[in-house]
Amino acid sequence: MALLEVKDLHTSFFTDAGEVRAVNGVSFNLERGKVLGIVGESGSGKSVTAYSIMQILAGTGKIVSGSIKLDGQELVGAGEKVMKDVRGNKISIIFQDPMTSLNPTYTIGRQLMEAILLHTDRNKQQAWDRAVEMLRLVNVNEPEKRMKQYPYEFSGGMRQRVMIAMALACEPDILIADEPTTALDVTIQAGILELMKDIQSKIGMAIIMITHDLGVVAQLCDEIIVMYAGSICEQGTADEIFYNPCHEYTKGLLRSIPTVEGSGEKLEPISGTPIDLLNMPKGCPFAPRCDAAMKICLRERCERMEINEDHAAACWMNVRKAVKGE
Amino acid sequence: MSTNNHSEQPIIEVRHLKQYFNISTGFFQSRPLKAVDDISFSIREGETLGLVGESGCGKTTAGRTILHLYKPTDGEVIYRGKPIKTAKDIEQFRTKATMVFQDPYSSLDPRMTVADIIGEPLDVHHMYKTKEERREKILELMSHVGLNSEHAARYAHEFSGGQRQRVGIARSLAVNPDFIVCDEPVSALDVSIQAQVINMFDELQDRLGLTYLFIAHDLLVVRHISDRIAVMYLGRMVELADANEIYDRPLHPYTKALISAVPVPDPKTARENKRIALSGEIPSPLNAPAGCPFHTRCPYAQPKCKESMPPFEEVEKGRYVACHRTAEIN
Ligand SMILES: Nc1ncnc2c1ncn2[C@@H]1O[C@H](COP(=O)(O)OP(=O)(O)OP(=O)(O)O)[C@@H](O)[C@H]1O
Ligand SMILES: Nc1ncnc2c1ncn2[C@@H]1O[C@H](COP(=O)(O)OP(=O)(O)O)[C@@H](O)[C@H]1O
Ligand code: SF4
Ligand code: SF4
Ligand SMILES: [Mg+2]
Ligand SMILES: [Mg+2]
C-alpha cells in the first residue's frame with residue numbers, strides 16, 4: 001500500500017461565472033521516502049491538488065469527488081478532527097511566499113516553539129532545544145541568537161529556511177513544497193533543495209515538489225507528474241519524462257527551454273495562449289495549441305495509457321503509434 | 001542569441017558609475033546604501049549584454065541609472081561617443097534608450113487602452129503631426145510585436161501575461177530607440193510563453209538593429225540571448241566575458257558558484273553536477289564589507305582579500321575579472 005493514494009480527484013471552485021474545474025480527475029500514488037514533482041503552467045491545478053490533499057481550499061473551493069487515502073485512511077469526508085491531526089502531524093506544507101506565512105510581530109523562536117508545542121508532547125524547555133536544533137539543521141547560523149529575532153531581520157533565503165524548519169519540526173510523513181524556491185536566487189535555491197533532499201533521506205519522509213522549473217524537478221525528483229488544465233497528461237520517472245516524453249505538451253515544454261549545451265538555436269515556443277478553464281474544449285484540452293492534433297483529438301479526450309511500467313501518458317499519438325505498430 | 005553582426009563601435013560606455021541611496025538610520029542620521037558602486041563597461045552596437053547576479057545586487061538600479069531615470073551619484077554614461085550631461089542631453093537620450101519592465105501585470109495602467117499605452121511616449125515626445133500618423137505608427141508598433149489591430153481598443157487587463165509583455169515592448173519601441181534595457185522581461189511569464197517573447201526580442205534585434213542590456217536571473221535564458229554576460233555582486237561588477245566562455249569556464253569564484261548552482265533541466269547532468277556550496281550570509285549593501293565584497297562567502301578568501309578591493313581588470317582578451325587570486329585558482 002502506498003503512503004498516499006489519490007484517486008480520480010475532482011476539485012472545483014463555484015464562482016459567479018460558473019464552475020471552475022481546477023482539478024479534473026487526478027490520480028497518483030506516493031511511496032514512503034520518495035520525491036514526486038508536479039510541473040505545469042500556472043493555473044494548471046498544481047496548488048489546488050495540494051490544497052485538496054490538505055483540505056485547505058480557499059473560498060468556494062470544494063472536493064467534488066474522488067478519494068485521498070493516507071496510510072489507508074480515507075481523508076475525503078473524514079471531518080475536521082482527522083484533518084487537524086493530518087495537517088499537524090502527518091503532512092506539512094511550505095508555501096511560496098515565506099513572508100505571508102510567518103507572523104511579523106512574533107520572534108522566530110516563539111513561532112517555532114508554538115509549532116512544536118502544538119504538534120508534539122514536548123515541554124517548553126524541550127521545545128526550545130528542538131527549535132534551536134531545527135534551525136541548526138537548516139543551516140541558520142548562530143541559532144540561539146536567531147531565536148530572539150523577528151522575521152524582518154532575516155533575508156528571504158533565511159526566512160524560507162525557517163519555514164522549512166517549521167514544516168519539519170513535527171516530523172511529517174509527507175512534505176508538500178509549493179514553489180518553495182521560486183522567489184530565491186540560484187545559489188540559495190540550490191542550498192535549500194540540497195537541504196530538503198538531505199533531511200528527506202535522514203528521516204525518510206516523502207516530498208511533493210510543486211514547481212514550474214524543469215531544472216528543479218530534474219535535480220530533485222524520482223517521479224514527475226505533468227499537469228495541463230487540471231488533468232495529468234503524463235507521469236513517469238524523471239528519466240522517462242525528460243528523455244522519452246510521450247505527450248505533445250511535455251514535448252513542447254522541453255523544446256521551449258534553452259538547453260544546457262546552449263546550441264544557440266531558436267527556441268521553439270508552444271503556440272497559442274494558456275487554457276481558460278471556463279471554456280474547456282471538448283476533446284484533448286491541449287488540442288487548440290497542439291501542432292500534432294488529429295481529428296480525434298478535437299472530439300474525444302484520450303485516456304491514460306501505459307507506455308511502460310515506469311511511464312504513462314494521455315495522448316492520442318501513442319494510440320496511433322501502437323495501432324500502426326511503430 | 002550569439003550573432004556576430006554587431007560592430008566594434010560602442011553605443012554605450014559606462015564609466016565608474018555609482019548610485020548611492022541615502023538610508024536614514026536614526027534621528028538626523030543617514031548612511032549611503034551603495035546599490036551600484038563604481039561599474040565600468042561598454043556595449044557594442046547590435047550586441048546583447050546579459051546582466052546577472054542575486055536579488056538586490058544592483059542590476060535594476062544599474063539599468064535605471066544608465067538610462068538616467070536615477071541621477072548618477074558619480075561617473076558617466078557616454079552615448080555614441082558623447083557624454084550625457086545636461087538636461088537636454090538626457091531628453092534626447094530618452095528617445096534613443098528605453099526600458100522594458102519585469103512585471104507585465106503591474107507595469108501597465110489597467111484603465112488605458114492598448115493604443116493609448118503604446119501611444120503615450122509618442123505624445124510625450126511629439127512624434128507625430130496628425131492623428132492619422134499617430135494611429136499608423138501605433139499599428140506598426142503592434143505588428144512588430146505580433147499584436148493585431150483589433151487589440152488596439154482593448155484594455156491591458158484583458159490580456160494574458162505574454163500579450164501584456166508584448167504591449168510593454170511595443171511601448172518601449174515607440175520612440176524608435178536603438179538601445180533597450182530589458183529588466184527581467186520574461187521572469188514573470190510561464191515557461192511555455194517565455195520562449196515566444198525571447199524569440200521576439202531576437203527578431204526585433206535583427207529587424208531593427210537594436211542593442212540590449214538584458215537583465216535576468218535565469219542563467220540559461222541569459223546565455224541563450226546574450227553575446228556577452230556581466231556578473232554583479234553587491235553593487236560591483238565581478239566578471240565580464242563572452243556568454244559561452246563564462247558559462248563553460250567561469251574565472252571569478254562567485255561566478256563559479258553561481259553557474260554550478262544552475263538547476264539544469266536534464267536529470268543525468270544534474271546527477272553528475274557538483275555544486276560549489278557557499279556558506280555565510282549575503283552581506284547587506286548597507287554594510288558592504290571592506291576589501292573584496294565576496295570575501296565573507298568566498299571559498300578561496302585570504303587575508304589580503306579583506307584588506308584591499310580587487311580591481312576589475314582585463315585578464316584575457318575581452319575578459320574582465322575582479323579577484324586577487326584569478327591567476328592562482330584557475
Ligand atoms: N529607491 C531606492 N531607495 C533605497 N534603496 C534602494 C532603492 N532602489 C533600490 N535600492 C536598494 O539597492 C539595492 C539594489 O537594488 P536593485 O533593485 O538594483 O537590485 P536588483 O539586482 O535589481 O535585484 P532583483 O534581482 O531583486 O530585482 C538593494 O539593496 C535595494 O534594496
Ligand atoms: N480561490 C479560488 N477561487 C476561484 N478559482 C480558483 C481559486 N484558487 C484557484 N483557482 C483556479 O483553479 C485553477 C488552478 O489553480 P492552481 O492550482 O492555483 O494553479 P497552479 O497550477 O498554478 O498552482 C486556476 O484556474 C485558478 O484560477
Ligand atoms: S491528444 Fe492530440 S491534441 Fe492532445 S496532445 Fe496528443 S496529439 Fe495533441
Ligand atoms: S578577491 Fe579573494 S575573496 Fe574576493 S573573490 Fe577573489 S579570492 Fe575570493
Ligand atoms: Mg500555484
Ligand atoms: Mg531588479
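Atoms considered below: every heavy atom in the structure, side chains included; atoms not considered: hydrogens, waters and symmetry mates. Every chain is numbered from 1 and lettered A, B, ... according to where its sequence line falls, protein lines coming before strand lines. None of the values given here were measured: they were computed from a predicted structure.
Of the inter-residue distances, the one linking H224(B) atom NE2 with T259(A) atom OG1 reads 9.0 Å to the nearest 0.5 angstrom. Here the straight-line distance linking atom CD1 of I198(B) with atom NZ of K266(A) works out to 11.0 Å at 0.5 Å rounding.
By the neighbour-count criterion of 12 heavy atoms within 6.0 Å, atom NZ of K256(B) is densely surrounded, having more than that number from other residues, nucleotides or ligands. Heavy atoms from other residues, nucleotides or ligands lying under 6.0 Å from NZ of K197(A) number more than 12.
When the side-chain hydrogen bond (donor to acceptor under 3.5 Å, both in side chains) test is applied to R249(B), the partners found at least two apart in sequence or on another chain are E245(B), E316(B). By the side-chain contact (heavy atoms from CB on, under 4.5 Å) test, T107(A) pairs with R110(A), Y150(A), sequence neighbours left out.
Residue R289(A) touches chain B through its side chain alone, counting heavy-atom pairs closer than 4.5 Å. For I276(B), no part sits under 4.5 Å from any heavy atom of chain A, backbone or side chain. Neither the backbone nor the side chain of Q194(B) comes within contact range of chain A, judged by heavy atoms closer than 4.5 Å.
Looking at R271(B) and D239(A), their side chains come closer than 4.5 Å, going by heavy atoms from C-beta outward. You'll find the side chain of P258(A) stays beyond 4.5 Å of the side chain of R223(B), heavy atoms only.
With chain A as partner, the option from L220(B), V191(B), D266(B) having the largest number of non-hydrogen pairs under 4.5 angstrom is D266(B). Looking only at heavy-atom pairs under 4.5 Å with chain B, the residue among I257(A), L214(A), T187(A), D213(A) that has the most is T187(A). Top candidate by heavy-atom pairs under 4.5 Å with chain A, chosen from L278(B), V262(B), L258(B), is L258(B).
Nearest heavy-atom pair, G191(A) versus R275(B), reported as atom, atom and distance to 0.1 Å: CA-NH2, 3.5 Å. Considering all non-hydrogen atoms of both residues, Q189(A) and P263(B) come closest at NE2-CG, 3.2 Å. Closest non-hydrogen pair, A190(A) versus A261(B), comes out as CB-CB, 3.8 Å. Across all non-hydrogen atoms, the minimal contact from P267(B) to A238(A) is CG-O, 3.9 Å.
Pairs of residues two or more places apart, or lying in two chains, that qualify as salt bridge (charged side-chain N to carboxylate O under 4.0 Å, His left out) and include a residue from residues 143-154 of chain A are R136(A)-E144(A), E142(A)-K145(A).
Scanning residues 216-229 of chain A against chain B with a 4.5 Å non-hydrogen threshold yields V216(A), A218(A), Q219(A), sorted by number.
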